[in-house]
Every structure is written in structure tokens, then in C-alpha cells.
Protein chains: 2
Amino acid sequence: MLNETAVAVLEQTSAAEPEKRIRDRSATERAILKAAKNLLAEEGFQNFGINAVARRAGCDKQLIYRYYGGLDGLVEAIGADLGSWVKDRIPEDTGGMFLLTYGDLMERLSLLFMEALRDDPLMRRIVAWEISENTEQVKRLSEARSKALGLWLDRMRGSLTPPKGVDTAAVNALIFASIQHLVLSAAAGGQCAGLALKNGKDWEKAAIALKRLVRGVYG
Amino acid sequence: MLNETAVAVLEQTSAAEPEKRIRDRSATERAILKAAKNLLAEEGFQNFGINAVARRAGCDKQLIYRYYGGLDGLVEAIGADLGSWVKDRIPEDTGGMFLLTYGDLMERLSLLFMEALRDDPLMRRIVAWEISENTEQVKRLSEARSKALGLWLDRMRGSLTPPKGVDTAAVNALIFASIQHLVLSAAAGGQCAGLALKNGKDWEKAAIALKRLVRGVYG
DNA sequence: ACTGTTACTCACCGATTGGTGACAGACCGG
DNA sequence: CCGGTCTGTCACCAATCGGTGAGTAACAGT
């Protein structure tokens with residue numbers, strides 16, 4: 001893999017156009033970041049290292065040290081980039097939902113979160129990483145993710161007050177933990193605690209069970 | 001670290017005699033297995049390899065190849081050894097519980113499982129491993145764990161029929177997923193989804209929320 | 001055109017990994 | 001006693017890891 005610009009140049013080499021700017025720092029930086037994200041999403045954190053990222057980015061690892069200050073900085077950049085998650089995952093159409101109770105809201109958020117996590121391999125890998133390791137790298141990344149998730153929840157919640165008499169923080173933590181583990185387990189082995197999670201039908205069952213769980217506590 | 005026997009020998013040989021290692025295959029095998037389990041429990045699967053296990057077991061890695069056929073066989077042996085989990089985790093005192101409803105049962109099982117997982121680092125690491133990787137190694141280990149858990153649940157359930165009209169498989173999968181993620185997240189970072197999980201007070205809150213969740217679906 | 005800076009590549013380092021073949025010593029049957 | 005098997009050790013392999021210092025090629029300012 002080469003720089004995007006380099007690829008573009010290669011593609012139009014048929015013409016006699018003079019090559020322009022193979023040396024483009026910001027493009028290289030973007031290529032590195034993109035390579036890192038893709039690598040993390042596809043391969044997981046096991047084989048996530050300087051050499052692998054440089055290989056995939058098609059540049060020398062030295063550039064990663066120079067531009068990001070090593071893997072730590074690169075991971076931090078990924079974390080910073082995680083803010084874009086919020087924008088992508090907020091449905092602009094919030095209409096059609098009248099008179100939301102807290103139960104309505106949590107049911108909707110749970111299903112949305114499950115769906116979002118299902119088709120975001122990078123986020124899944126990060127969650128798995130958080131659980132498996134406790135280095136400073138992961139801690140920072142975890143904070144960024146937590147922050148992004150919190151922001152997402154805030155945006156989605158709007159101005160709705162939680163019910164009294166229930167420890168919503170703890171209950172919601174359990175609900176979201178449930179979703180995360182279900183999705184991660186499914187992504188890894190196609191099942192969770194013996195429950196098959198492969199085709200759409202399986203996930204429909206899971207969704208129904210999730211609704212029932214949420215409705216059970218929040219009515 | 002050396003064999004226990006070897007250590008004993010070393011302790012009583014002041015320095016005159018050349019140290020002799022006891023030739024005891026089964027003891028060495030046990031030492032290797034124990035080292036592997038401890039290593040996995042303490043360090044996690046990140047640095048789990050032939051060299052690390054041999055180092056901790058105080059023997060040459062060649063012996064791991066000979067006795068277990070490499071890491072795969074060793075992991076499989078760990079899985080086979082996982083059956084003992086069931087015996088350790090079944091409270092012999094099942095009296096004092098009259099007229100169990102399914103809700104009573106699931107509440108009790110949930111709390112027991114959470115507690116059991118909380119003080120079993122090896123099991124936690126295995127769960128985290130399952131989620132993070134999908135190699136043949138992990139698959140076998142996962143199966144063994146799943147089997148052990150299933151056996152445990154059977155033993156605990158006794159002869160109690162689940163309620164109709166509820167997809168108990170899916171709901172229970174969600175509940176146990178919730179517990180696993182909560183405990184793993186806590187073990188890694190002392191919190192889960194912003195919910196602090198450090199001292200006993202925190203866990204008490206989590207337990208209450210868990211009860212509420214279970215009671216919500218199963219009454 | 002000269003100079004200095006920027007962007008980038010390359011070669012090398014020590015350490016560690018998984019894996020193998022050769023060897024030494026202890027034990028046992030003959 | 002000898003010879004073979006079992007148990008354990010050691011040296012070595014190629015590959016990969018993270019990390020660094022030095023060199024090269026393209027650019028910009030003058």
C-alpha cells in the first residue's frame with residue numbers, strides 16, 4: 001500500500017502529466033492513522049504494533065515515531081478521532097417519537113447501541129481491548145470511548161428525566177454491559193452463552209429479549 | 001522457580017554437591033500445568049507463550065512440547081482441568097431455600113455467578129480471551145468453559161421448570177453476558193460504563209441493580 | 001544555483017519469540 | 001557389568017519485535 005496521492009499518481013501514469021507532490025506529510029499522517037484504525041479493526045490488538053502499522057500504511061515506521069511519537073501517540077490519535085463516532089451514529093430524524101417515557105427511551109437506546117456496535121468493528125476491538133489489558137495506552141483509549149459514548153447518550157436522551165427510586169446508573173451499566181458482551185461474544189464466536197447469534201433471526205430474538213429486560217426494569 | 005522437589009534439594013545442598021534435579025515426569029507435568037494456569041490468571045493471554053510458561057515452571061520448554069505437544073495441548077489440558085471449577089463452586093448447603101420460583105432461582109444464580117467470577121482470575125482471563133480472539137486454541141477452551149458453566153447451572157437448577165412465554169435462553173444469555181462484562185470491566189479498570197466498581201459498597205449497588213433486572217423479567 | 005529544511009528510506013541494533021536437534025545423566029532390565 | 005529408555009538441559013535456528021542513527025531525495029527561500 002502506498003500513499004493515496006502516490007496511488008493516484010501511479011494510476012494516471014499513462015498520461016504525460018508531471019507527478020505532483022508525493023511528499024505530503026499530512027497525507028502520510030492520514031494514511032498512517034487510517035492504516036492503524038483498519039489494522040486494529042480487522043486484526044485486533046494482538047498483532048497491533050509499530051511494524052504492522054507501518055507495513056500497512058506503506059511507509060517506514062520511523063515516520064510513525066516522528067509524526068505521532070510512537071505507538072502511544074498513535075493510539076491517542078485514534079482516541080481523539082473517536083469523537084467522529086458520535087456524529088455518525090446520531091439519527092437526524094428524531095421525529096416520530098412522541099411522549100417518551102424513560103422506558104421508551106432506554107429501549108430505543110439499547111437497540112440503537114446494539115446495532116451501532118454490531119457494525120463497528122473498530123469500536124468492538126477497543127471494547128475488547130479495554131477488558132483484556134490495563135496499560136496506559138488502553139486507559140486513554142478507554143476514556144475517549146467512554147466520553148464519546150456519554151456524549152452520544154446525552155444527545156440521544158434530550159431533556160428527559162430518569163425515574164426516581166431506581167439506581168439508573170447501575171442498571172444502565174448492566175444493560176450496556178450486557179449488550180457489549182453479547183455483541184463481542186457474537187463477533188468472536190457467533191454465539192453467547194450457548195445462544196446462537198449468526199443470522200438476522202437470531203438477532204431478532206436477542207432484540208426481543210433485550211426489550212423485555214429493559215421493559216422489566218423501566219416499565 | 002524450580003520444582004518443589006528441586007527446591008527442597010537445593011535447600012539441603014549447601015554447595016558441595018552438584019545440584020540434582022529430581023526426575024519425576026508427573027510432577028513436572030503438574031508443575032507445567034500449574035505454571036500455565038497461574039501465568040494465564042495473573043498475566044493474561046497477552047504474554048502467554050511457550051517461553052513464559054517454561055520460565056515460570058522452571059523447566060525447559062522442550063518438556064512442554066514433549067509432554068503436552070506444545071501450547072495447544074497445554075491449553076487443552078487447562079480446559080480439561082476446568083471441570084474442577086464446578087466442584088469448587090457448588091455450595092453443598094442447598095437447604096434453607098423453600099418454594100423456589102424461577103425468579104428466585106435466577107436471582108440467586110446471578111449473584112452466585114457474579115461472586116464466583118469475581119474471585120476467579122483464571123476464569124476471567126479465559127472469558128476475556130474468548131472475546132478477543134478466535135483461534136482454535138481459544139475455541140476449545142471456550143467450549144470447556146461453556147460446558148463447565150452449563151454443568152454448574154444444571155446442578156444448581158435442580159428440577160425447576162422455566163416459565164412459558166419467555167425466551168429464557170436469550171434472556172439468560174443477556175443476564176450472564178451482563179455479569180461477565182461487568183466483572184471483567186471492573187477487574188480491568190475498576191469501573192464499567194462510568195459505574196465505579198471498587199469497594200464492597202459499589203458491588204452492593206451492582207448486586208441490587210442485578211436483582212432488579214432479574215426480577216423485572218422473571219417477577 | 002546554492003543552502004537549509006522537510007519528508008522519507010534504509011540498515012542495523014539487542015531482545016525475544018516459537019521451534020528443533022543433539023546431548024548428558026539417571027534409571028531399569030538384562 | 002552393558003545397553004536402552006526416560007527425563008531433563010543446552011545450544012542454536014529463523015523470524016519478528018520495538019527502537020535508533022545515518023543517509024538520501026525532494027522541496028523552499030534566497
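The chains referred to below are lettered A, B, ... by the order of the sequence lines, with proteins before strands, and numbering in each begins at 1. What's counted below: heavy atoms across the whole structure, side chains too, no hydrogens, waters or symmetry copies.
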Please list each protein N or O that sits under 3.5 Å from an N or O in nucleotides 3-6 of chain D, with the distance.
from   : atom 1 : to       : atom 2 : distance (Å)
dC6(D) : O2     : Arg23(B) : NH1    : 3.3
dC6(D) : O2     : Arg23(B) : NH2    : 2.6

Which pairs, protein N/O on one side and nucleotides 12-16 of chain D N/O on the other, fall under 3.5 Å?
none

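No salt bridge links Lys37(A) with Glu42(A); every basic N to acidic carboxylate O contact stays at or beyond 4.0 Å. Here Arg89(A) pairs with Asp120(A) in a salt bridge; the nearest charged N to carboxylate O distance falls below 4.0 Å. Classification of Arg25(B) and Glu29(B) as a salt-bridged pair holds, one side-chain N sitting under 4.0 Å from a carboxylate O. With respect to the salt-bridge test (charged N to carboxylate O, under 4.0 angstrom), the residues Asp202(A) and Lys205(A) do not qualify.
The CD1 atom of Ile64(B) sits 12 Å away from the P atom of dG8(D) (whole-angstrom rounding). Regarding Arg66(A), its CZ atom lies at a distance of 11 Å from the C1' atom of dG21(D), rounded to whole Å. Rounded to a whole Å, the CG atom of Asn47(B) is 15 Å from the C1' atom of dG18(C). Atom pair Leu63(B):CG and dT20(C):C1' shows a separation of 14 Å (rounding to whole Å applied). The separation between Asp60(A) atom CG and dT24(D) atom C1' is 13 Å, rounded to whole Å.
Note: Phe45(B) and Phe45(A) have tilted aromatic rings, judged against thresholds of 30 and 60 degrees for the angle between ring planes. Under the 30°/60° scheme for interplanar angles, the aromatic rings of His181(A) and His181(B) are found to stand perpendicular.
To the nearest 0.5 angstrom, Ile179(A) atom CD1 is 12.0 Å from Leu184(A) atom CG. For the atom pair CG (Leu112(B)) and CD (Glu107(B)), the distance works out to 10.5 Å, reported to the nearest 0.5 Å.
Ser146(A) places no side-chain N or O within donor-acceptor distance of the main-chain N or O of Ser142(A), the cut-off being under 3.5 Å.
Comparing Leu71(A) and Tyr67(B), the nucleotide of DNA chain D nearest to each residue sits closer to the 5' end for Tyr67(B). Nearer the 5' end of DNA chain D, as judged by each residue's closest nucleotide, is the contact made by Gly49(A), out of Gly49(A) and Gln62(A).
OP1 and OP2 of dT7(D) both lie 4.0 Å or more from every side-chain N or O belonging to Thr28(B). Contact between the side-chain N/O atoms of Tyr65(B) and the OP1/OP2 oxygens of dG19(C) is found at a separation under 4.0 Å.
Ile50(A) comes within contact range of the sugar-phosphate backbone alone, with a heavy-atom separation under 4.0 Å but no base atom that close.
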